[in-house]
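On a predicted model such as this, the values are computed, not experimentally measured, just so you know. The basis for the numbers below is simple: all heavy atoms, side chains too, and nothing from hydrogens, waters or symmetry mates.
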Amino acid sequence: MEQENTTSRNFIEMEIDKDLAEGVYDTVHTRFPPEPNGFLHIGHAKSVILNYGLAKQYGGKFNMRFDDTNPTKERVEFVESIKQDIRWLGADWEDRLFFASDYFGQMYEAAVKLIKMGKAYVSDLSAEEMREYRGTLTEPGKDDPSRERSIEENLALFEDMKNGRFKDGEKVLRAKIDMASPNINLRDPVLYRVAHMEHHNTGNAWCIYPMYDFAHPIEDAIEGITHSICTLEFADHRPLYDWVVHTLEYPHPPRQIEFAKLYLKNVVTGKRYIKKLVEEGIVDGWDDPRLVSISGLRRRGYTPESIWKFVELCGISKANSIAEMPMLEYCIREDLKLKRPRVMAAVDPVKVVIDNYPEGQTEYLKVENNLENPALGMRTVPFCRELYIDGADFMEEPPKKYFRLFPGNEVRLMQAYFVKCVSYEKDGDGKVSVIHCTYDPASKGGNSPDGRKVKGTIHWVAAPYAAEAEVRLFENIVDEEKGVYNEDGSLNLNPHSLVKKKCFVEQTLAEAKAYESFQFVRNGFFCVDAKDSTKEHPVFNRIVSLKSSFKLPANV
């Protein structure tokens with residue numbers, strides 16, 4: 001059993017176990033540090049779940065911290081949306097909410113300390129000149145002409161930067177490390193830049209702002225973070241992270257560990273592209289259900305449990321890999337199938353009139369809410385002479401093996417009676433508008449006393465009692481067959497990513513609350529749209545269809 005537990009642990013857990021066993025740390029303290037420059041997406045969910053899960057697993061602490069060091073892109077709107085998303089995912093930071101900007105004073109003092117140690121200097125180079133001096137992957141950089149300024153001059157210039165005496169880009173503070181380092185991140189990286197911009201948290205108190213690579217390790221050290229878990233692109237930045245925390249002599253310096261990002265095949269996750277979709281009105285906001293932003297997934301009807309399961313199936317590794325959308329869809333189906341009631345809804349509805357059913361009569365049928373979960377109980381649905389069925393459940397000239405309704409064919413109305421199509425009417429556009437049927441009163445409950453069989457069963461909604469609604473059916477926002485990107489780098493958009501259809505649903509569904517979800521028989525799982533749905537005009541988003549080609553790996 002002990003061997004099995006060891007084998008099943010991911011590499012981060014094994015590193016933490018080692019650190020605790022060797023006394024490097026006596027606790028585990030993690031954090032999730034998003035920059036508030038956009039909404040979170042499914043990839044961020046992996047980081048939230050990993051960091052929060054590790055803290056809980058080891059009985060440690062979890063910090064929610066905003067890395068708000070770049071006022072050019074950050075907004076309060078994003079701060080609030082991120083907090084809402086993380087709470088919804090179930091990561092509780094309790095009273096441990098922090099902002100990088102809370103530490104601007106300490107970061108400034110840390111920069112002054114480096115100057116006094118001879119480890120930082122003020123540079124006059126422009127951004128273009130700095131790139132020229134930086135060198136390449138095969139050639140070392142050249143020393144900045146300002147590199148040997150005296151400590152006194154650097155202190156005075158840095159204070160002048162803080163006091164607003166220089167224009168944006170006129171001066172920067174650089175670390176003095178090694179311009180010949182094979183790691184370009186150590187070639188005297190910029191620590192501070194001048195930016196005369198109002199900050200969402202500190203207002204106009206500062207006109208200089210620390211760079212992420214300088215601020216982040218300081219934040220971790222101040223907060224007592226033990227394991228700074230981040231994605232693989234920061235592996236080359238780890239030497240700089242270590243240089244900052246060790247040079248500044250923080251006690252018990254945190255340790256950075258990198259893991260592979262979560263990538264979804266043929267899915268747009270990049271903030272730059274999502275922002276473009278939002279700004280151009282291609283989607284109706286960061287919470288559009290076609291996006292895999294956390295708010296978009298929530299609005300579409302995904303659950304926190306399904307996302308946790310998805311992250312678990314993807315696993316934690318050091319190697320980049322690509323997950324597919326069907327795996328995420330599998331997770332939401334598995335989560336909802338025993339939890340949600342199965343209701344009847346007629347999409348692209350066509351009216352059915354049962355000619356031999358008594359006019360003005362209504363009977364009430366007892367129907368199970370979920371055949372696989374009796375604990376969800378029963379409900380009562382009305383049945384009468386006029387019904388609506390799915391438009392796809394009738395064909396004038398059906399192909400072979402079509403077992404639903406067509407002229408002369410008999411089908412079972414779910415939980416009700418056998419009916420046979422005897423004729424149909426068309427409207428002025430030539431579209432079938434009314435189907436006339438007869439029913440067998442002896443077949444109540446869906447079984448005939450004479451033992452005859454029918455191959456087709458269709459669902460229905462009693463017309464006088466139905467609520468008219470809109471359903472929204474989604475596909476990938478990009479055209480997967482043509483590829484995600486065009487030659488010019490633009491997104492290859494799918495014109496059928498959103499289809500709206502008329503629908504009639506059981507009357508009680510008009511009272512459903514935002515985010516409440518149901519299984520519409522044979523059509524999939526649907527969720528009440530939180531933005532557009534009203535009692536007068538219910539709107540349901542299809543979360544996922546019922547069919548899936550995804551197979552859970554045998555070793556899971």
Side-chain angles (χ1 to χ4, degrees), residues 5-22 24-25 27-35 38 40-58 60-67 82 85-86 89-91 93 183 185 212-213 216-217 219-221 223 225-242 244-245 253-265 267 269-271 292-294 304 306-324 327-328 331 553 555-556:
N5 288 340
T6 301
T7 304
S8 67
R9 298 178 80 72
N10 64 54
F11 78 96
I12 296 178
E13 291 169 326
M14 289 189 281
E15 291 293 330
I16 291 174
D17 290 344
K18 183 173 179 289
D19 287 342
L20 294 174
E22 294 178 355
V24 178
Y25 306 107
T27 188
V28 172
H29 195 162
T30 62
R31 82 289 171 271
F32 176 64
E35 183 182 357
L40 300 185
H41 57 65
I42 188 70
H44 295 108
K46 179 178 180 179
S47 183
V48 173
I49 290 169
L50 174 59
N51 280 283
Y52 178 74
L54 288 170
K56 287 297 180 184
Q57 178 182 336
Y58 287 93
K61 296 177 181 178
F62 170 77
N63 286 10
M64 173 64 221
R65 182 217 302 148
F66 288 94
D67 262 326
I82 290 170
D85 288 347
I86 295 172
L89 279 172
W93 61 79
N183 186 333
N185 294 297
Y212 176 87
D213 279 347
H216 191 81
E219 299 156 29
D220 284 347
E223 292 177 12
I225 301 302
T226 56
H227 297 85
S228 183
I229 314 297
C230 58
T231 47
L232 283 177
E233 70 264 32
F234 292 101
D236 288 342
H237 297 247
R238 192 194 324 143
L240 177 54
Y241 182 100
D242 292 340
V244 171
V245 294
R255 177 187 175 191
Q256 179 175 303
I257 303 175
E258 305 88 21
F259 69 98
K261 272 186 173 180
L262 194 162
Y263 290 98
L264 270 176
K265 185 177 180 180
V267 174
T269 55
K271 285 182 183 178
V292 290
S293 60
I294 301 301
S306 66
I307 294 175
W308 278 68
K309 181 64 176 178
F310 176 64
V311 169
E312 178 188 336
L313 290 178
C314 289
I316 305 298
S317 72
K318 294 181 181 180
N320 282 324
S321 60
I322 298 177
E324 299 201 16
M327 182 190 288
L328 180 58
C331 292
N555 61 341
V556 175

Q. Is a side-chain N or O of T226 found less than 3.5 angstrom from the main chain of H29, in a donor-acceptor match?
A. yes
Q) Between atom NE2 of H41 and atom CG of L264, what is the distance when rounded to the nearest 0.5 Å? A) 10.0 Å
Q) Which value, rounded to the nearest 0.5 Å, describes the distance between R238 atom CZ and I257 atom CD1? A) 8.5 Å
Q: Starting at SG of C314, measure out to CG of L328 and round the result to the nearest 0.5 Å.
A: 8.5 Å
Q: Report yes or no: does Q256 contribute a side-chain atom to a donor-acceptor pair with the main-chain N or O of F234 at less than 3.5 Å?
A: yes
(Q) Between T231 and E233 (side chain of the first, backbone of the second, donor and acceptor by atom type, cut-off under 3.5 Å), is there such a pair? (A) no
Q.
Could you go through Y241 and D213, starting from their C-alpha distance and side-chain angles, then the distance that decides it, and tell me whether this counts as side-chain contact (heavy atoms from CB on, under 4.5 Å)?
A. CA-CA 7 Å; Y241 182 100; D213 279 347; over 6 Å; no
Q. Of the non-hydrogen atoms in L262 and K46, which two are nearest, and what is the gap between them?
A. CB-CD, 3.6 Å
Q.
Show the nearest heavy-atom pair for residues Y25 and P253, with the distance to one decimal.
A. OH-O, 2.8 Å
Q. Under 3.5 Å, side chain of K61 to main-chain N/O of K56, donor-acceptor pair present?
A. no
Q) Which pair of non-hydrogen atoms, one from I86 and one from W93, has the smallest distance, and what is that distance? A) CG2-CZ3, 3.9 Å
(Q) Using every non-hydrogen atom in the two residues, find where A323 and F310 come nearest and quote the distance to one decimal. (A) CB-CZ, 4.0 Å
(Q) Whether D220 and R65 form a salt bridge (side-chain N of Lys/Arg under 4.0 Å from carboxylate O of Asp/Glu) is what I want to check. (A) yes
Q | Rounded distance (nearest 0.5 Å) linking atom CD of E35 with atom NZ of K271 | A | 6.0 Å
Q: Return yes if some donor-acceptor pair links the side-chain N/O of H227 with the main-chain N/O of I229 below 3.5 Å, else return no.
A: no
Q) Which value, rounded to the nearest 0.5 Å, describes the distance between R255 atom CZ and I16 atom CD1? A) 8.5 Å
Q: Give a yes or no answer on whether the side chain of E13 reaches the backbone of N10 with a donor-acceptor pair at less than 3.5 Å.
A: yes
Q: Give the intermediate values and the outcome of side-chain contact (heavy atoms from CB on, under 4.5 Å) for residues V48 and D85.
A: CA-CA 10 Å; V48 173; D85 288 347; over 6 Å; no
(Q) Taking side-chain hydrogen bond (donor to acceptor under 3.5 Å, both in side chains) as the definition, give me every residue that meets it alongside K318, ordered by chain and number, with sequence neighbours left out. (A) none
(Q) One thing to verify: whether E219 and R31 come together as a salt bridge, which I'm taking to mean a side-chain N less than 4.0 angstrom from a carboxylate O. (A) no
Q) Between Y58 and L20, does a side-chain contact (heavy atoms from CB on, under 4.5 Å) hold up when you go through it step by step? A) CA-CA 10 Å; Y58 287 93; L20 294 174; 3.7 Å; yes
Q) Rounded to the nearest 0.5 Å, what separation is found between the OG atom of S228 and the CG atom of N51? A) 8.0 Å
(Q) Taking the side chain as everything from C-beta on, heavy atoms only, tell me whether L40 gets closer than 4.5 Å to L89. (A) no
Q: Looking only at non-hydrogen atoms, find the nearest pair between G60 and T27 and report the distance.
A: CA-OG1, 4.2 Å
Q | Heavy-atom side-chain proximity of I12 to L50 below 4.5 angstrom | A | yes
Q) Do N63 and Y52 meet the criterion of a side-chain donor-acceptor pair at a distance under 3.5 Å? A) no
Q.
For Y212, give me all partners under side-chain hydrogen bond (donor to acceptor under 3.5 Å, both in side chains), at least two apart in sequence or on another chain.
A. H216
Q) Going through the distances and angles, do L54 and F62 end up as a side-chain contact (heavy atoms from CB on, under 4.5 Å)? A) CA-CA 9 Å; L54 288 170; F62 170 77; over 6 Å; no
**Q.** Heavy-atom pair with the smallest gap, counting every atom of P34 and I82
**A.** CG-CG2, 3.8 Å
Q: Report yes or no: does N183 contribute a side-chain atom to a donor-acceptor pair with the main-chain N or O of D236 at less than 3.5 Å?
A: yes
Q) Going by heavy atoms in the side chains, are S47 and F259 under 4.5 Å from each other? A) yes
